[in-house]
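To start, the structure under review is shown below, and the notes come after it.
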Amino acid sequence: MDREKVIKAIGDLLDALGEDKEREGLKDTPRRVADAYAELLSGAGQNAEEHLSRTFDTKCGDMVVESGINFSSTCEHHLMPFFGKITIAYIPDGKVVGLSKLARTVDVFSKRLQIQERLTRQIAEEIMRVLKPKGVFVCCEAEHTCMTCRGVKKAGSLTYTYSTLGEFGQDKKNEVLSLIKR
């Protein structure tokens with residue numbers, strides 16, 4: 001990210017909106033927005049494999065589920081936030097990863113300009129590619145501020161997306177979904 005270009009662009013936006021960017025409340029806004037975007041989009045250029053490649057050998061083949069991983073992301077259509085929870089379930093095939101590494105993987109993909117459908121799929125594909133489990137299931141539940149604050153203004157509406165790869169049958173999906181609904 002070119003921080004100076006972002007600062008200039010935000011200043012230009014404030015001008016275009018008819019604001020006085022020299023007034024006290026807006027004087028540092030371009031810099032603050034640049035700092036915010038640097039944080040919100042910090043996943044761009046990161047590689048989740050760095051986190052997922054730290055594994056432990058196991059003979060366990062039972063499903064591993066990590067639920068309620070909070071995330072926030074930025075919608076690439078409106079540059080507005082969306083946020084929610086992600087559940088990751090996978091069936092190990094000889095190796096498992098530390099649970100914090102699943103949450104870090106969510107951060108890598110959510111901290112970039114994104115759409116929910118792609119976010120869900122990217123997490124599943126990366127876990128499948130790196131861990132090589134028998135199967136993986138990712139569920140994403142999110143509230144989009146472009147739906148709640150503008151447009152149709154439907155506060156509280158949630159969007160669910162799912163991605164399933166490998167040998168993850170309907171019985172396993174139902175088991176995970178019943179865990180989430182508790």
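For this chain, numbers begin at 1 and follow the sequence in order. In this text the structure is predicted, and so the values were computed from the model without any measurement.
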Identify whether the distance between the nearest side-chain nitrogen and carboxylate oxygen of K132 and D93 falls below 4.0 Å. no
Step-by-step side-chain contact (heavy atoms from CB on, under 4.5 Å) determination, K21 to D15: CA-CA 7 Å; K21 65 183 180 190; D15 282 342; 3.1 Å; yes
Is the shortest side-chain heavy-atom distance between L179 and S67 below 4.5 Å? no
Counting C-beta onward and ignoring hydrogens, is there a side-chain heavy-atom pair between K8 and P30 closer than 4.5 Å? no
Does I115 belong to the same Ile/Leu/Val/Met/Phe/Trp/Tyr cluster as V152, with side-chain heavy atoms less than 4.5 Å apart forming each link? no
Side-chain heavy atoms nearer than 4.5 Å, only ILVMFWY residues, links allowed to pass through others: does that put L177 and I88 together? no
CG of L113 to OG1 of T74, rounded to nearest 0.5 Å, is 6.5 Å
So do the side chains of I86 and L119 get within less than 4.5 Å of each other, counting heavy atoms only? yes
Would you say E167 has more than 12 foreign heavy atoms packed within less than 6.0 Å of its CD? no
How about K95: does its NZ atom have over 12 heavy atoms from other parts shown lying under 6.0 Å from it? yes
Short question: side chain of E22, backbone of K27 - any donor-acceptor pair under 3.5 Å? no
Yes or no on side-chain contact (heavy atoms from CB on, under 4.5 Å) for Y162 and F137, after CA distance, side-chain angles and deciding distance? CA-CA 7 Å; Y162 306 92; F137 175 71; 3.4 Å; yes
What pair of heavy atoms forms the shortest contact from R31 to I7, and how long is it? CA-CG1, 4.0 Å
Do M1 and Y37 touch side chain to side chain, with heavy atoms closer than 4.5 Å? yes
Taking ring pair (Phe, Tyr, Trp, His ring centres under 6.0 Å) as the cut-off, I'd like each qualifying pair that reaches into residues 109-129, sequence neighbours left out, listed once. none
Using 0.5 Å steps for rounding, measure from the CG atom of L102 to the CZ atom of R104. 11.5 Å
Aromatic plane relationship, F71 with F82 - under 30° parallel, 30 to 60° tilted, over 60° perpendicular: perpendicular
From OG (S73) to CE (M80), nearest 0.5 Å: 13.5 Å
Polar side-chain atom of D2 near backbone of K5 as donor-acceptor pair, under 3.5 Å: yes
Heavy-atom side-chain proximity of M63 to V176 below 4.5 angstrom: yes
In terms of heavy-atom contacts, V64 and P92 come closest through CG2-CG, 3.8 Å
Is there a side-chain contact between V136 and T164 (heavy atoms, below 4.5 Å)? no
Whether the E117 and T161 side chains hold a donor-acceptor pair (N or O, under 3.5 Å, no angle test) is what I'd like checked. no
Looking at CD of E19 and CG of L13, how far apart are the two atoms once the value is rounded to the nearest 0.5 Å? 9.5 Å
Can you see which heavy atom on A155 is nearest to which on T148, and at what distance? CA-CG2, 3.7 Å
Measure from the side-chain N and O atoms of E39 to the backbone N and O of D35, and report whether any donor-acceptor pair falls under 3.5 Å. no
Would you mind reporting whether H78 and H144 have side-chain heavy atoms less than 4.5 Å apart? no
Report yes or no: does E66 contribute a side-chain atom to a donor-acceptor pair with the main-chain N or O of T87 at less than 3.5 Å? no
Given the rule that I, L, V, M, F, W and Y join up when any side-chain heavy atoms are under 4.5 Å apart, are V138 and L131 in one cluster? yes
Considering all heavy atoms of both residues, which atom of C60 and which atom of T58 are nearest to each other, and what is their separation? N-OG1, 2.9 Å
Return the SG to CD distance between C75 and Q114, rounded to the nearest 0.5 Å. 10.0 Å
To the nearest 0.5 Å, atom NZ of K134 lies from atom CZ of F168 at 12.5 Å
Any side-chain heavy-atom pair from K153 and M147 closer than 4.5 angstrom? no
For I123 and S163, run side-chain contact (heavy atoms from CB on, under 4.5 Å): C-alpha distance rounded to whole Å, both residues' side-chain angles, the deciding distance at 0.1 Å, then the answer. CA-CA 9 Å; I123 293 166; S163 186; over 6 Å; no
Residues E50, R54: salt bridge by 4.0 Å N-O rule: no
Look only at the side chain of R112 and the backbone of L41, and say whether a donor-acceptor pair between them is shorter than 3.5 Å. no
Would you say the side-chain atoms of T55 and K101 include a donor-acceptor pair closer than 3.5 Å? no
Start with the C-alpha gap between C146 and H77, add the side-chain angles, then the distance that decides, and say whether side-chain contact (heavy atoms from CB on, under 4.5 Å) holds. CA-CA 9 Å; C146 60; H77 298 141; over 6 Å; no
Test of understanding: clusters of I, L, V, M, F, W, Y form through side-chain heavy atoms closer than 4.5 Å, transitively. Do I69 and L99 belong to the same one? yes
With hydrophobic residues grouped by side-chain heavy-atom distances under 4.5 Å, do I91 and M128 end up in a single group? no
Any idea which heavy atoms bring Q116 and C140 closest together, and the distance? NE2-O, 3.1 Å
Is the number of heavy atoms from other residues, nucleotides or ligands within 6.0 Å of CD (E24) greater than 12? no
